[in-house]
Amino acid sequence: MKSPLASLLWRSLRVYQVFGANTDVGKTIFTTLLARTARKLWKDDRVTFLKPVSTGAEAESDDRYGTLYYVSIPSDEELLAKCRAFAAQCSHRKGWLFIETAGGVHSPGPSGKTQADLYIPFRAPSLLVGDSRLGGISQTISAFESLRIRGYDVESVLLFKDDAYKNYQYLEEYFCKQYGIPVTSLLQPPRRHDNPERDAEAMETYYGRKDSTETTSQLLELLARNHMDRLRNLDTMATRASQHIWYPFTQQSLVGPKDIMTIDSAHGDYFQTLSEPSQSPDTSVLRSSFDASASWWTQGLGHSNPKLTMAAAYAAGRYGHVMFASAVHEPAMALAETLLDGLKNPRLKRVFYSDNGSTGTEVAIKMGLRAARKRYGWDTAQKLSILGLKGAYHGDTMGAMDCAEPGIYNEKIEWYEGKGFWLDYPTVLCKDGKWSITVADGLRDNFGEGGAYSSLSEIFEVERREADGEHELYEKYIMSTLQRLKDQGRKFGALMLEPIILGAGGMEFVDPLFQRTLVKTIRKSPHLFGESTLSATEAQDANEWTGLPIVFDEVFTGLYRLGRFTPSSLLGVHPDISVHAKLLTGGLVPLCATLASEHIFKVFLSTDKTDALLHGHSYTAHPIGCQVALESVREMQGMEERGDWDWAKTQGWAQASSRTGSQIDVWSTWPREFVEQLSRRTDRVLGVWALGSVLAIHLRDQTGAGYSSNAALGLRDSLGLGKGDAEGGPWNIHSRVLGNVLYVMASQVTSETSVRQLSELLMESIARNKT
């Protein structure tokens with residue numbers, strides 16, 4: 001298997017990519033002149049000129065311009081791998097490598113993908129050869145913007161001087177004023193002569209002109225300085241960061257410059273990060289680091305995804321930011337309708353926008369508490385709590401923290417007041433190759449002994465398990481707990497759940513039957529919460545909330561993270577309020593949507609403005625976020641419809657129930673055989689689970705599990721060592737831990753090949769890491 005592709009950056013080799021604003025604008029002439037001048041200026045350096053793809057008729061071959069190295073490969077992946085391997089060979093001696101593209105910026109590569117997208121993984125600084133002909137100003141600026149919007153560093157625009165149009169004069173002023181980018185202009189080359197020998201003589205004379213070599217020499221000196229500046233910036237960034245940056249979730253007294261990852265760029269599932277220091281100048285400066293936390297669970301469609309980039313640019317160009325109170329715009333409207341339609345929840349009718357998941361959960365709680373207070377006739381002086389699960393986490397703003405029990409994230413916060421009660425629950429783990437419901441020792445009187453299942457799908461057969469009476473112990477525990485709380489005089493305004501998986505609380509996989517039973521029990525037990533004012537007509541509405549408003553925090557688990565648009569479909573119950581962020585925008589910009597039922601919405605209707613949901617922020621429903629989210633959601637829906645994940649669904653997950661013969665659509669990016677094999681490492685591994693794109697490895701810790709555990713640090717560091725300099729370059733896995741749990745998260749576009757590579761490295765790391 002080919003290793004992930006590392007960017008083209010070496011200390012010994014100055015690599016520059018040459019793009020053209022159009023076909024036949026002189027890319028090869030400029031590149032040849034750069035190469036010839038570099039040989040004269042840097043006499044001890046090796047200068048190489050690579051043209052991966054050639055276009056046009058044979059009669060128009062670029063061979064007249066000098067020695068070219070061609071790569072002719074049928075697939076994009078092979079093309080990029082061969083180019084990178086060629087560049088790596090060139091790095092063994094100090095020098096220059098100029099990589100010339102074919103045609104214009106958007107001329108297609110082997111697969112039809114345009115070159116602007118094709119070469120993004122290289123992240124090589126670029127030169128743009130502009131068009132000096134009629135219409136060339138527009139062509140050149142458009143080509144530049146196409147490169148700029150994709151994250152290319154265009155270090156100079158090169159242009160022939162044409163006395164008829166004088167494009168170079170306009171473009172010199174334009175690029176200097178707008179972007180501070182120099183324009184290098186040269187006299188026009190001689191026209192091609194019918195006689196090859198005379199043509200060669202004319203070009204030799206052109207390349208040898210004093211004005212051509214002097215201008216090109218100045219450009220090469222600029223490029224050489226830029227190369228050194230880039231290296232210097234990368235080398236010192238971690239030290240500067242340790243002196244000036246205050247990091248989240250980090251005890252910085254334990255973190256020095258060597259612990260800070262310097263990210264040069266990102267593409268697909270990988271960061272391009274600064275490698276460990278090396279004495280060898282031909283060692284790759286950058287390596288590919290698999291983003292195993294999906295950048296804090298946000299990245300779903302690949303870093304620098306061109307579709308999301310264009311969506312952001314479109315909305316920025318059309319709207320910028322516009323206020324949203326008593327206003328509407330197309331991105332916000334279209335996204336709201338898309339979410340409501342995609343969730344297929346008959347209860348949800350309204351969408352409230354905010355900026356992030358933590359804020360969105362606070363909005364949800366405001367909605368739920370108000371609805372419960374009015375339903376049960378409590379006055380505003382009555383303090384209300386929420387019901388939830390132990391270890392739950394809903395964000396770091398004050399209101400969100402108060403929805404979680406005391407713990408590592410909040411107990412040292414001076415304003416924290418945990419306002420709730422949090423129930424125990426059984427969990428799902430694969431242990432020693434067997435899928436089971438795990439019950440902690442102190443809970444067996446309530447939940448029984450748990451049990452083994454033939455497959456993960458069988459655990460998700462919640463209706464069948466319910467029919468078999470498996471829910472009865474759960475219901476008894478829940479009812480007795482709620483009755484005890486009522487007897488204590490406690491009053492609650494909402495049930496808030498992270499469906500299926502508790503994320504930051506330790507990647508706990510809750511038995512789906514328990515959460516289903518909890519929701520159903522609360523809905524059928526309004527008498528445990530207060531004297532309801534629900535009318536007979538309202539009570540007949542199947543979509544009216546009863547008991548307590550049910551809030552699903554789907555910030556982490558929603559939008560295909562667990563293989564479905566919403567995890568509520570795995571539980572077979574619908575929430576009254578749901579919160580969506582993270583994958584909502586594919587990791588590009590912050591945005592959150594809190595969806596609510598019409599019944600919850602009507603609670604806030606009044607002639608008194610102070611009865612409204614007085615919540616908002618300056619960037620509510622900002623058009624850029626809404627447009628990006630719309631593109632992200634529609635793309636994932638399209639992937640599901642096209643069957644883009646069918647390869648993952650056939651990795652041993654599609655198994656019929658041993659009890660009913662039916663099959664639940666439960667699957668993971670991670671192969672079942674690999675997950676079960678990992679779970680058999682019982683010397684190190686307590687248990688494993690995989691669902692959708694997430695893999696969580698619970699490691700044994702003799703001192704006790706929890707956020708403060710160090711049990712997973714050794715495995716994390718082992719993954720960080722990664723692989724050596726292979727064909728695609730060095731690569732590793734950048735992962736994060738939650739106490740004794742190490743998780744690895746794929747994106748929704750991670751390939752089967754990448755999953756195999758990651759699985760192999762995980763098994764190797766588990767084997768070599770003994771602590």
Side-chain angles (χ1 to χ4, degrees), residues 230-266 270-277 285-287 289-299 303 355-359 391 393-402 404-416 503-507 555-556 581-582 587 590 696 699 701 703-722 732-745 765 769 771:
R230 182 185 181 192
L231 292 172
R232 191 179 301 110
N233 185 53
L234 287 170
D235 288 339
T236 62
M237 201 181 302
T239 297
R240 288 180 284 140
S242 70
Q243 296 168 347
H244 300 295
I245 302 295
W246 192 335
Y247 283 105
F249 294 111
T250 301
Q251 177 46 266
Q252 288 192 223
S253 67
L254 306 177
V255 173
K258 65 180 178 58
D259 304 303
I260 296 172
M261 176 178 63
T262 299
I263 301 175
D264 178 70
S265 64
Y270 293 87
F271 303 130
Q272 296 296 320
T273 61
L274 187 65
S275 295
E276 296 296 322
V285 175
L286 300 174
R287 65 177 173 180
S289 298
F290 185 84
D291 179 8
S293 70
S295 284
W296 271 340
W297 318 345
T298 63
Q299 193 278 107
H303 291 286
D355 55 341
N356 61 61
S358 183
T359 305
Y393 169 90
H394 303 290
D396 293 318
T397 50
M398 293 305 302
M401 281 197 297
D402 280 352
E405 67 174 332
I408 190 74
Y409 296 110
N410 52 36
E411 60 188 356
K412 292 187 177 181
I413 302 300
E414 286 72 13
W415 280 6
Y416 169 72
M507 289 293 170
V555 170
F556 168 47
K582 304 283 189 191
L699 297 167
D701 185 353
T703 64
Y707 190 85
S708 59
S709 169
N710 294 321
L713 296 181
L715 179 57
R716 180 201 65 185
D717 294 342
S718 183
L719 293 173
L721 295 175
N732 69 339
I733 299 177
H734 177 262
S735 58
R736 294 183 64 83
V737 302
L738 290 165
N740 68 313
V741 179
L742 181 137
Y743 66 89
V744 181
M745 200 174 303
S765 298
N769 182 251
T771 59

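The figures here come from the full heavy-atom set of this structure, side chains too, leaving out hydrogens, waters and symmetry mates.
- Put simply, the side chain of Lys582 does not reach to within 4.5 Å of the side chain of Gln299, judged on heavy atoms.
- The two atoms that bring Met507 and Ala696 nearest to each other are CB-CB, 4.0 Å, heavy atoms only.
- Note: Trp297 and Phe556 have tilted aromatic rings, judged against thresholds of 30 and 60 degrees for the angle between ring planes.
- Here the two rings, on Trp296 and Phe249, have centers that are under 6.0 Å apart.
- Side-chain contact, Ser289 with Asn732: a donor N or O sits under 3.5 Å from an acceptor N or O.
- Thr239 and Ser242 get closest at one heavy-atom pair: O-OG, 2.7 Å.
- Not one N or O on the side chain of Asn410 forms a donor-acceptor pair closer than 3.5 Å with the backbone of Ile413.
- Atom CG of Leu286 is separated from atom OG1 of Thr262 by 10.0 Å, given to the nearest 0.5 angstrom.
- When only modelled atom types and interatomic distance are considered, Ser253 and Gln251 share a side-chain donor-acceptor pair under 3.5 Å.
- Asn740 places a side-chain N or O within donor-acceptor distance of the main-chain N or O of Leu699, the cut-off being under 3.5 Å.
- Of all the heavy atoms in His303 and Ser295, the pair that sits closest is CE1-OG, 3.3 Å.
- In terms of heavy-atom proximity, Ala404 sits nearest to Tyr416 at O-OH, 2.5 Å.
- A donor-acceptor pair under 3.5 Å is formed between the side chain of Glu405 and the backbone N or O of Gly391.
- Listed for the Ser718 side chain is no donor-acceptor partner under 3.5 Å among the backbone atoms of Gly714.
- In this structure, the separation between CD on Gln272 and CD1 on Ile263 is 10.5 Å, given to the nearest 0.5 Å.
- Inter-residue side-chain proximity for Tyr743 and Leu738 is flagged as met; some heavy-atom pair is nearer than 4.5 Å.
- Atom NE2 in His394 sits 11.5 Å away from atom CG in Asp402 (nearest 0.5 Å).
- When atom types are taken as modelled, the side chain of Asp259 and the backbone of Gly256 share a donor-acceptor pair closer than 3.5 angstrom.
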Requested in this report: Go through Leu274 and Asp264 one step at a time and tell me if the side-chain contact (heavy atoms from CB on, under 4.5 Å) criterion holds.
Outcome: CA-CA 7 Å; Leu274 187 65; Asp264 178 70; over 6 Å; no
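- At a threshold of 4.5 Å between non-hydrogen side-chain atoms, the residues Ser293 and Asp291 count as touching.
- Between Asp355 atom CG and Thr397 atom OG1 the span is 9.0 Å, to the nearest 0.5 Å.
- The closest side-chain heavy-atom distance from Ile260 to Tyr247 is below 4.5 Å.
- Between Arg240 and Asn233, the closest side-chain pair of non-hydrogen atoms falls below 4.5 Å.
- In this structure, the separation between CE on Met745 and CZ on Phe290 is 10.0 Å, given to the nearest 0.5 Å.
- In this structure the side chain of Met261 reaches within 4.5 angstrom of the side chain of Phe271, judged on heavy atoms.
- The closest donor-acceptor contact from the side chain of Tyr409 to the backbone of Ala504 lies under 3.5 Å.
- Residue Leu742 holds its CG atom at 6.0 Å from CG of Leu719, rounded to the nearest 0.5 Å.
- Residues Ser735 and Arg716 have side chains in contact (heavy-atom distance under 4.5 Å, counting atoms from C-beta outward).
- At least one side-chain heavy atom of Gln252 sits less than 4.5 Å from a side-chain heavy atom of Trp246.
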